[in-house]
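First comes the structure, then the notes that go with it.
Letters A, B, ... mirror the listed sequences (proteins, then strands); counts begin at 1.
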Amino acid sequence: MRYRPLTYNNEFTRAYARGKSYVHPHVVLYVNRNRLGYTRVGITASRKIGNAVTRNRARRVIRAALWQTLPPDVGGYDLVFVARGQTPRLKSTQVAKTAAKLLRAAGVLRD
RNA sequence: CGAGCAAAACAUACGGCGGCGGGGCGUUUUUGCCCUGAGGAAAGUCCGGGCUCCACAAGGGAAUGGUAACUGCUAACGGCAGCCGGGGGUGACCCCAGGGAUAGUGCAACAGAAAUAGACUACCCGUGUGCGCACGGGAAAAGGUGGAAAGGUGCGGUAAGAGCGCACCAGCGCGCUUGGUAACUCGCGCGGCUCUGUAAACCCUACCAGGAGCAACGCCCAUAUGGGAGCAAUGCGUGCCCUGCGCGCUCCCGGAGGCGGCUGGAGCCGCAUGGCGACAUGCGGUCGAGAUAGAUCGUCGUUUAAUACAGAACCCGGCUUACGGUUUGGUCGUUCG
RNA sequence: CGGGGUAUAGCGCAGAUGGUAGCGCGCUGCGUUCGGGACGCAGAGGCCUUGAGUUCAAAUCUCAAUACUCCGA
């Protein structure tokens, strides 16, 4: 696994409360700086998206997009990706484009 | 051709490229090769077990909860098979919480005279009469209400009537009897004539059940060190002093993280034998996920009917619910021969 | 993994031990007022979440399903 995961609920809650959010119809990104020196990523798909198969697919698509997009040495950030209603119907290449756009807007990726 | 019924198997496969989880081997310090990788319901969590911990002499009873014809199958079951009884359908076939209402209690709105017991109209007798009727008694056949009104039809009988008596029929109980392991059933005789429904109302009878759940439980580290109460005290540190903050002891609540549990089992496949069947026995073959924020995907090609419902989280046996096309065998209807 | 609750008029809620369902706010009409509000009178609006079953009869009892929600480990 190329990234480290966010696991605990309070870490997600801190990202939602203190981090900045970047909204797109495909996916929502929350960014919060941490002091660990490495980047942690959490992927969320709520029950509004659908049943277990649909939620698994939404997570899988986002993860595939991150493998294409996220370089391993960006610095210390906590990133939370939230799947939306269209996410399971998209291709991972489309999501990769949006993720790159959002990360660039957040200042995580620099050209 | 249309409609409907039952059953069965499947739920893509193969190859190229890239990617992910697990295991093995090599190389050794970041890579290479090989093997393997979701379901018929994995779901809902409605039942039954295994396993683990807690409780408990054996055993009996009470409470609570559950099950309910009978015989079998099974580790067990509320499941399955066969069979009996009842019900639905023209039929193939399907459905049934299917013990007890003669142990007791409760309830039965409205309507109706009356709802488990009686008399409004009409009937009969007697008395009084102003001949319209009133009062007392008999009887429960006729009327209308209702889901339900106390067996049905006919004859006799009577003041009028009534199972009051008789014949036949329906139902119940008892005794004998045919078939069956049994539920039940074939037939005969006798009895009083007979009794509403509801137990998915309380209840009675028979049988079953100790409780909790893999976040169980065991081990490592006894640590990131959290919260509360009490005690001792104005002790120590900070500080000029007070307040404040930190430090002590005891008890209670709690406890991140890592490893095991973790998958070879009432396992699966084939054949034979026994059995109507569920299933059992024997022989042979075979190994088919184990993640820990959670792995099965993307793309291209070929072939197909291969789409729908849908994703393992300790493991099995069922039930229920969701859902795709295919095949087979019956049934009914229409038309043609 | 284990356990519980709710679904009734546009909205918020009653209706416990079966007999054709109400309350408040809102809505409609009329009255009152010069007009509006408040007030008074009258009225409409419900397959009681869905599907089966028990019963003469089900919002109520039983089973299954759906949606929302809560609790414990």
Side-chain angles (χ1 to χ4, degrees):
Chain A
M1 219 173 248
R2 210 180 282 167
Y3 58 86
R4 289 170 180 263
L6 270 182
T7 50
Y8 297 102
N9 193 25
N10 56 2
E11 295 170 349
F12 277 91
T13 312
R14 189 169 31 205
Y16 294 145
R18 305 175 62 90
K20 305 191 73 174
S21 66
Y22 300 90
V23 185
H24 192 270
H26 293 172
V27 77
V28 180
L29 171 65
Y30 289 85
V31 178
N32 189 29
R33 231 171 215 296
N34 65 19
R35 296 181 184 173
L36 297 170
Y38 53 84
T39 297
R40 298 186 297 178
V41 177
I43 301 173
T44 298
S46 75
R47 276 176 56 201
K48 276 186 241 169
I49 305 260
N51 55 27
V53 174
T54 314
R55 296 199 301 272
N56 261 347
R57 175 167 174 82
R59 280 194 290 262
R60 200 183 296 133
V61 164
I62 291 174
R63 204 181 306 126
L66 287 182
W67 282 325
Q68 300 178 30
T69 310
L70 195 63
D73 50 349
V74 283
Y77 291 98
D78 285 345
L79 307 176
V80 175
F81 287 89
V82 179
R84 309 200 74 181
Q86 337 183 326
T87 310
R89 292 193 295 275
L90 295 170
K91 303 269 182 173
S92 65
T93 50
Q94 295 174 268
V95 177
K97 273 186 211 160
T98 18
K101 201 164 77 182
L102 293 176
L103 287 169
R104 206 167 286 118
V108 177
L109 278 183
R110 294 183 189 84
D111 310 278

Is the glycosidic angle of [N] within 90° of 0, making it syn, or outside that range, making it anti?
N: B:rG40; result: syn
N: B:rG330; result: syn
N: B:rG213; result: anti
N: B:rG163; result: syn
N: B:rG258; result: anti

If I pick the [atom1] atom on [M] and the same atom on [N], what distance separates them, to the nearest angstrom?
N: B:rG163; M: B:rA114; atom1: C1'; result: 23 Å
N: B:rG213; M: B:rC46; atom1: P; result: 13 Å
N: B:rA149; M: B:rA119; atom1: C1'; result: 13 Å
N: B:rU331; M: B:rC169; atom1: C1'; result: 38 Å
N: B:rC208; M: B:rC184; atom1: P; result: 23 Å
N: B:rC53; M: B:rA43; atom1: C1'; result: 30 Å
N: B:rG317; M: B:rU292; atom1: C1'; result: 29 Å
N: B:rU307; M: B:rA97; atom1: C1'; result: 41 Å

Interatomic distance, [X] atom [atom1] to [Y] atom [atom2] [nearest 0.5 angstrom]:
X: A:Leu66; Y: A:Leu103; atom1: CG; atom2: CG; value: 7.5 Å
X: A:Thr54; Y: A:Arg89; atom1: OG1; atom2: CZ; value: 9.5 Å
X: A:Arg84; Y: A:His26; atom1: CZ; atom2: NE2; value: 10.5 Å
X: A:Thr87; Y: A:Arg57; atom1: OG1; atom2: CZ; value: 10.5 Å
X: A:Arg60; Y: A:Ile43; atom1: CZ; atom2: CD1; value: 11.5 Å

Now, which nucleotide makes the Watson-Crick or G-U wobble pair with [N], with each of the two distances under 3.5 Å?
N: B:rG329; answer: B:rC5
N: C:rC41; answer: C:rG29
N: B:rC251; answer: B:rG228
N: B:rC25; answer: B:rG32
N: B:rA43; answer: B:rU320
N: B:rC219; answer: B:rG258
N: B:rC271; answer: B:rG282
N: C:rA64; answer: C:rU50

(request) Return the minimal non-hydrogen interatomic distance between A:Thr98 and A:Val95, and the atom names on each side. (result) OG1-O, 3.0 Å

For [X] and [N], what is the distance between atoms [atom1] and [atom2] respectively, to the nearest whole Å?
X: A:Arg55; N: B:rC297; atom1: CZ; atom2: P; answer: 18 Å
X: A:Ile62; N: B:rC20; atom1: CD1; atom2: C1'; answer: 17 Å
X: A:Leu66; N: B:rA293; atom1: CG; atom2: C1'; answer: 14 Å

Using nucleotides 42-45 of chain B, report all nitrogen or oxygen pairs with the protein that are shorter than 3.5 Å.
none

(request) Determine the sole option in A:Val23, A:Thr44, A:Leu102, A:Val80 for which the side chain to side chain contact (heavy atoms under 4.5 Å, CB included) test with A:Val28 is passed. (result) A:Val23

Contact list (N/O, under 3.5 angstrom) for nucleotides 36-38 of chain B vs protein:
none

(message) Strictly below 4.0 Å: does A:Arg63 bring a side-chain N or O up to OP1 or OP2 of B:rG21?
(response) no

(message) Applying a 4.0 Å non-hydrogen cut-off, can you work out what A:Arg59 is touching in the nucleic acid: base, sugar-phosphate, or nothing?
(response) nothing

